[in-house]
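Side chains are part of it too, since the values below use all heavy atoms of this structure and drop only hydrogens, waters and symmetry mates. As the structure is a computational prediction, the values presented were derived from the model and not from experiment.
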Amino acid sequence: MKYPLALAAILSTAALVTVGMAAGFPPRVHTIDHAKVAAGFVKGERVLDDEGLVVIAQRVMQRGSEMHDNTNHVFIIQDGEADFVTGGKMIDPKEMGPGQTRGTGIEGGVSHHLTKGDVITIPAKTPHQWKDTSKTGSIAYYAVNFDTAPGFRFPPGVRYIDHGKVAAAFVKGARILEDQGLTVIANRGLQRGPEMHDNTHHVFIIEDGEAEFVTGGKMIDQKVSDPGQTRGTGNEDGVSHHLTKGDVIKLPAKTPHQWKDTSKTGSVGYYAVNFDSK
């Protein structure tokens, strides 16, 4: 599949993440419907942009290098494949906006061959480039981008998790990355009681299955299970969201949440991209 130059320019613009004035994690629950996400993948769009958190449904071809002074990235590959270069020195760098630099290439970077199911994290101030998409024409991925903010941390180096490890984690639900305030989980949820995390903020990306997911309200019979972790037997007065493949939901710390009904498909598979605050 080949894309015209005009579309490539649109994608390049969509990938730019501007730094908001209010950095941190948005203090409210926000759901993005799978139809909006699917439309986003067609041309590359931000499906969420809120107070320092940006989620993009993106599709790209080979292009020049870029670097963002304040934006940290978690890329989750959905289809296609590409050689992706991180680090090194940008060639012919030019400032395109506050904190945004683009170049024609990279010298001395590390090349990663990314395919469906791979996950890679890129901290702020790290040059990166989609170098070769010739095998499939383009590569599609979720970009969960988080602006550097007081009280939050992000791993200082590039972290790459291969699709084999991710697939194994989905079988039973496991952390595929846990490093300096960032945790990425390939999880499978069943109906269960509610939970709440005092310092952990979540972005859930639904990969398969469906479920009723309840947020907010009051936890019933709540008990502290671990430091900063509370669990209960149920939830009163919460808001129910019917989540299916392609939906995205984010919720801040101190928000009760519960997988309430997975009877239609037995379970729901999802990525959880979690940011801890101090």
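Not one N or O on the side chain of K218 forms a donor-acceptor pair closer than 3.5 Å with the backbone of E236. Judged purely by atom type and a 3.5 angstrom limit, T136 has no side-chain atom pairing as donor or acceptor with the backbone of G80.
M90 places a side-chain heavy atom less than 4.5 Å from the side chain of M67. With a 4.5 Å cut-off on side-chain heavy atoms, S111 and K131 do not count as touching. Residues F75 and L114 form no side-chain contact, since every pair of their non-hydrogen atoms from C-beta on lies 4.5 Å or further apart. Side-chain contact between L53 and N145 is absent, with no heavy atoms from C-beta onward closer than 4.5 Å. For the pair T115/H163, a side-chain contact is recorded, criterion being any heavy-atom separation below 4.5 Å from C-beta on. The side-chain heavy atoms of V248 and T31, taken from C-beta on, include no pair separated by under 4.5 Å. The closest side-chain heavy-atom distance from H30 to L48 is below 4.5 Å. For the pair V268 and I206, the minimum side-chain heavy-atom distance is below 4.5 Å.
Between the side chains of D276 and T200, at least one donor-acceptor pair of N or O atoms lies under 3.5 Å. Judged by distance alone, the side chains of R159 and T121 never bring a donor and an acceptor atom under 3.5 Å apart. Side-chain contact, T233 with D221: a donor N or O sits under 3.5 Å from an acceptor N or O. Side-chain atoms of S240 and E212 form a donor-acceptor pair, as typed in the model, at a separation below 3.5 Å. Side chains of T148 and N70: a donor-acceptor N/O pair is absent below 3.5 angstrom, by distance only.
Taking the ring centroids of Y270 and F170, they lie at or beyond the 6.0 Å cut-off. Ring-centre distance between H112 and H128: not below the 6.0 Å cut-off. Between Y271 and Y142, a ring centre-to-centre spacing not shorter than 6.0 Å is recorded.
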Would W130 and I139 count as a side chain to side chain contact (heavy atoms under 4.5 Å, CB included) if you check the C-alpha gap in whole Å, the side-chain angles of each, and the deciding distance to 0.1 Å? CA-CA 9 Å; W130 295 105; I139 186 165; 3.8 Å; yes
Evaluate the side chain to side chain contact (heavy atoms under 4.5 Å, CB included) criterion for residues Q129 and T86: first the C-alpha distance (whole Å), next the side-chain angles of each, then the deciding distance (0.1 Å), finally the verdict. CA-CA 7 Å; Q129 179 184 14; T86 60; over 6 Å; no
Where do R102 and D92 land on the salt bridge (Lys or Arg N to Asp or Glu O under 4.0 Å) test, with the steps shown first? CA-CA 8 Å; R102 291 192 177 273; D92 298 326; over 6 Å; no
Just do the side chain to side chain contact (heavy atoms under 4.5 Å, CB included) check on T255 and V29 with the steps written out, would you? CA-CA 8 Å; T255 303; V29 175; 4.0 Å; yes
Go through the steps to decide whether E95 and Q100 satisfy the test side chain to side chain contact (heavy atoms under 4.5 Å, CB included), and finish with yes or no. CA-CA 6 Å; E95 187 172 331; Q100 314 293 328; 6.0 Å; no
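Q58 CD to I76 CD1: the interatomic distance, rounded to the nearest 0.5 Å, is 14.0 Å. Within the model, atoms CE of M219 and CD of E195 stand 8.0 Å from one another, a figure rounded to the nearest 0.5 Å. Summarising the geometry, atom OG belonging to S134 is positioned 7.5 Å from atom CD belonging to Q62; distances are rounded to the nearest 0.5 Å. Rounded to the nearest 0.5 Å, atoms CE (M61) and OG (S138) are 8.0 Å apart. If you take CZ on R188 and CG on D208, they are separated by 4.5 Å, rounding to the nearest 0.5 Å.
For the ring pair (Phe, Tyr, Trp, His ring centres under 6.0 Å) with F152, the lone residue among F275, F146, F25 that qualifies is F146. A side-chain hydrogen bond (donor to acceptor under 3.5 Å, both in side chains) with H113 is found for exactly one of D132, D118, D83, D162, namely D83.
In plain terms, the two heavy atoms of P93 and T101 that are nearest each other are CB-CG2, 3.8 Å. The two atoms that bring V74 and V184 nearest to each other are CG1-CG2, 4.4 Å, heavy atoms only. Across all their heavy atoms, P123 and P155 have their closest contact at CB-O, 3.4 Å.
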